[in-house]
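What follows is one structure encoded as structure tokens, with my remarks underneath.
Residues take their numbers from the sequence shown, with the count starting at 1.
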Amino acid sequence: MTRRLSLIGIGSAIAALVSGCSGAQVLDRLVAHDTYHGPTGVPYGPDPRHLLDVYQPATGTAPGHAPVVLFFYGGNWTSGERAEYRFVGEALAANGIIAVVADYRLSPQVQYDGFLGDCALALQWTLANAASLGGDPARVMVMGHSAGAYNAAMMALDPRWLAPLGLTPSRLAGWIGLAGPYDFLPIVDPQVQVAFNWPQTPADSQPIFYADAKAPRTLLLAARNDKVVDTQRNTVGLANRLRAAGTDVELRIFDHLSHVTTVAALARPLDWLAPVLPTVVDFVRGDPRPVRS
């Protein structure tokens, strides 16, 4: 019991730090390096921020059959680096999933149309290169945490961003949102106001605006007591709207997580915090799990 409590304390401390550089460095030291391989710093567009890292499973997946997940990190659309999310790539690769972690331009350099355009370019690259990476182009999904979950939602739900590239959300096998903001008007956070040009922010900037029958298969996860993003309004609200439209939605709300630990629990040293990783892995593989609210 004492050892277990000690582990909980260490894990909680790491998870509390994971949103910052020091926390990412701690996780990086704990996460395995021999479960994956793949290129890093691959350009997917012309801007210096248009770079991505690939995590291919070291073993266990037949070439051409692996599912592929493109991950967008959070950071209030004002911060974040792909290197800080190696723990996400490693966790997915260790479970036979090819992971792609992409940087994108941030506010105030660009507003939401700019970073969503970047995400569309990263998705175009992922779809075009899935087969050469050993993945199945028909099993590509997008996934994100917090602000990144918003980005993933807009790729999956709003066809405007992929249309200029000759793509549609129907190319996706599904999408995954962790603690995402999907319905957040009016905007009160000063940084987010800049990113979304408040108060001239249109209603169609919100993922919930696009909750219809055309949406891909969906997995939504969040902490019940998230202090950053209102889970009931955003995650539960979007799930309800999508279900009403006839979309296949899996919803998991966790009692003992926070906004940050919802993504930190993906790290295999912290996966005992809550079953976030197995839920994501089963969804990506197409293995159904009981739907919970």
Show every side-chain hydrogen bond (donor to acceptor under 3.5 Å, both in side chains) that has at least one partner inside residues 186-199, sequence neighbours left out. Asn76-Gln191
Only pairs at least two apart or in different chains count here, so list each side-chain hydrogen bond (donor to acceptor under 3.5 Å, both in side chains) that has a residue in residues 33-53. His33-Arg86, Thr35-Glu90, Tyr36-Arg86, Arg49-Tyr73, Arg49-Glu81, His50-Asp118, Asp53-Arg82
Whether [X] side chain and [Y] backbone form a donor-acceptor pair below 3.5 Å:
X      : Y      : value
Ser258 : Thr261 : yes
Thr78  : Gly75  : yes
Asn234 : Tyr182 : yes
Gln56  : Leu133 : yes
Asp226 : Val229 : yes
Arg217 : Val249 : no

Should [X] and [Y] count as side-chain neighbours, where that means a heavy-atom distance under 4.5 Å?
X      : Y      : result
Val69  : Val100 : no
Val281 : Ile97  : yes
Thr218 : Trp175 : yes
Ile176 : Val284 : yes
Asn95  : Arg285 : yes
Met154 : Asn151 : no
Val68  : Leu70  : no
Asp230 : Asp183 : no

Looking at residues at least two apart in the chain, or sitting in another chain, which of them share a salt bridge (Lys or Arg N to Asp or Glu O under 4.0 Å) with Asp204? Arg160
How long is the straight-line distance from [atom2] of [Y] back to [atom1] of [X], given to the nearest 0.5 Å?
X      : Y      : atom1 : atom2 : value
Arg243 : Leu238 : CZ    : CG    : 10.5 Å
Asp103 : Cys119 : CG    : SG    : 10.5 Å
Asp248 : Glu250 : CG    : CD    : 8.5 Å

Least distance between heavy atoms, [X] atom then [Y] atom:
X      : Y      : result
Met155 : Leu162 : O-CD1, 3.7 Å
Asn225 : Asp255 : ND2-O, 4.3 Å
Ala149 : Gly177 : CB-CA, 4.0 Å
Thr235 : Ala222 : OG1-CB, 3.5 Å

Residue that, paired with Val54, satisfies side chain to side chain contact (heavy atoms under 4.5 Å, CB included) out of Ile98, Thr126, Val101: Ile98
For Leu51, the hydrophobic cluster (side chain heavy atoms closer than 4.5 Å, chained through members) also holds none
Residue pair Asp158 / Tyr210, side-chain donor-acceptor N/O under 3.5 Å: yes
Just wondering, are more than 12 heavy atoms of other shown residues or ligands nearer than 6.0 Å to CD in Gln109? yes
Considering residues at least two apart in sequence or located in another chain, which fulfil the ring pair (Phe, Tyr, Trp, His ring centres under 6.0 Å) criterion with Tyr150? Trp77, Phe184, Phe196
Which donor-acceptor pairs under 3.5 Å do side chains of residues 137-148 form with protein atoms, sequence neighbours excluded?
{"unit_1": "Arg139", "atom_1": "NH1", "unit_2": "His65", "atom_2": "O", "d": "2.6"}
{"unit_1": "His145", "atom_1": "NE2", "unit_2": "His259", "atom_2": "O", "d": "2.9"}
{"unit_1": "Ser146", "atom_1": "OG", "unit_2": "His259", "atom_2": "NE2", "d": "2.8"}

